[in-house]
Amino acid sequence: MCDSVTDLQQAVLAKNDHRAQHLRDELAARGTVVVNLLSSPGSGKTALLEAELTLAAERGIPVAALTADLATENDAVRLARSGVPVRQVLTDGLCHLEADMLRRHVAEWLPERTRLLFVENVGNLVCPAGYDLGETLRVALASVTEGEDKPLKYPSAFGLAHLVLVTKTDLAAAVEFDEAGFLANVQRVNPGVEVLFTSARRGDGVGLLLERALAAAEAGPAHQPVMARQAHDHDRDHEHDHEHGHDHGHSHAHGAGHSHRPVAPR
């Protein structure tokens, strides 16, 4: 028999995955692509996103941003300075967004012509990694001040990303950031993923996220994480076992020591 808690977690995530796929299909029909940004608090995510939104506005690209926090609307006020439509979501203590939450805000608020919807997820690298939001491009960010071992500490967040961004590179020398070590650790959890280096303060690398998002909107993400493919294979095998009425005497290895299993963003 499967552990009841694990079964409940799997059911919750499976329900979210199903609704995320519906949302992805609905957004595709209206020509909108979601970019899901995951990072720790204080990684510089808002500063970089503000610069990218400002650039998009200058170029006449129809973008919007939805930012999620436990409390305060500080990030939304800051992002709104770019001049693009911005929505604040207060989660009232919830550590992540879910597909249904995003779907509700899309229906109520998102302008019709929006090409790219950037979602600034709640600041942590654990809970948000487990929830597909119907995104086309998932991006994991880490600042140089967080250290080079971040990808190893949070393998789901970095292992399921289509793109990795390093922020605050203007501080790299001051904190003795080990760039080679960081890149090696990223490759251990997500072989082949592109890693870009940025500094919103100096303007270095600003525009690269917008460029990659537009490319993904046209042709899908350029990279498919190995961890995402493994999650799909597991789900398929799991469904196959259920179809044949097998008893589940095994434990789910990908849930060991974690609150959530990895999901596979399409």
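None of the values given here were measured: they were computed from a predicted structure.
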Check [X] against [Y] and note the closest heavy-atom contact, atom names and distance.
X	Y	result
Val193	Gln187	O-NE2, 3.4 Å
Thr67	Glu120	OG1-OE1, 2.7 Å
Leu53	Ala65	CD1-CB, 3.7 Å
Leu125	Ser40	CD1-OG, 3.2 Å
His223	Ala161	CD2-O, 3.7 Å
Ala140	Ala157	CB-O, 3.6 Å

Give the other cluster members for Val119, using side-chain heavy-atom distances under 4.5 Å between Ile, Leu, Val, Met, Phe, Trp and Tyr residues; answer none if it is isolated. Leu23, Leu27, Val34, Leu66, Val89, Leu94, Leu97, Met101, Leu102, Val106, Trp109, Leu110, Leu117, Leu133
Spatial distance of atom [atom1] ([X]) from atom [atom2] ([Y]) [nearest 0.5 Å]:
X	Y	atom1	atom2	answer
Leu209	Glu52	CG	CD	4.5 Å
Glu211	Leu196	CD	CG	8.5 Å
Leu165	Ser143	CG	OG	12.0 Å
Leu70	Cys95	CG	SG	8.0 Å
Glu98	Lys15	CD	NZ	9.0 Å

Do the charged groups of [X] and [Y] touch, with an N to O distance under 4.0 Å?
X	Y	result
Arg103	Glu26	yes
Asp170	Arg202	no
Asp75	Lys45	no

Determine, step by step, whether Leu171 and Thr145 satisfy the side-chain contact (heavy atoms from CB on, under 4.5 Å) criterion, reporting the C-alpha distance in whole Å, the side-chain angles of both residues, the deciding distance to 0.1 Å, and the verdict. CA-CA 7 Å; Leu171 301 176; Thr145 58; 4.0 Å; yes
If only atom types and distance count, is the side chain of [X] paired as donor or acceptor with the main-chain N or O of [Y] below 3.5 Å?
X	Y	value
Asn185	Gly181	yes
Glu194	Leu163	no
His162	Pro221	no
Glu148	Ala180	no
Asp132	Asn16	no
Asp69	Thr72	no

Quick one: does Phe197's side chain get under 4.5 Å of Val166's, heavy atoms only? yes
Heavy-atom distance under 4.5 Å between the side chains of Thr32 and Arg113, does that happen here? no
Flag yes if [X] and [Y] sit in one hydrophobic cluster, no otherwise; membership is Ile, Leu, Val, Met, Phe, Trp, Tyr, and two members link when side-chain heavy atoms are under 4.5 Å apart.
X	Y	answer
Phe118	Val33	yes
Leu79	Val84	yes
Val175	Val195	yes
Leu55	Leu116	yes
Val86	Leu90	no

Could you walk me through whether Thr167 and Val144 pass the side-chain contact (heavy atoms from CB on, under 4.5 Å) check? CA-CA 6 Å; Thr167 59; Val144 297; over 6 Å; no
Quick one about [Y] and [X] (side-chain donor to acceptor, distance below 3.5 Å, no hydrogens or angles considered), yes or no?
X	Y	answer
Asn124	His96	no
Ser199	Asp204	no
Thr6	Gln9	no
Gln21	Asp17	no
Glu146	Ser43	no
Asn121	Asn36	yes
Arg87	His105	yes

Mind telling me whether Phe182 and Phe177 have parallel, tilted or perpendicular rings, with 30° and 60° as the class edges? tilted
In sequence, state the C-alpha distance, the side-chain angles, and the governing distance for Leu141 and Thr198, and then conclude on side-chain contact (heavy atoms from CB on, under 4.5 Å). CA-CA 10 Å; Leu141 299 91; Thr198 68; over 6 Å; no
Taking atom CZ of Arg188 as the centre, report whether more than 12 heavy atoms of other residues, nucleotides or ligands fall under 6.0 Å from it. no
More than 12 foreign heavy atoms under 6.0 Å from CD of Glu108: is that the case here? yes
Test side-chain contact (heavy atoms from CB on, under 4.5 Å) on Glu135 and Val35 and set out the steps. CA-CA 6 Å; Glu135 68 261 28; Val35 180; over 6 Å; no
Can you list the steps and then say if Arg115 with Glu218 is a salt bridge (Lys or Arg N to Asp or Glu O under 4.0 Å)? CA-CA 10 Å; Arg115 182 61 174 137; Glu218 292 300 318; 3.2 Å; yes
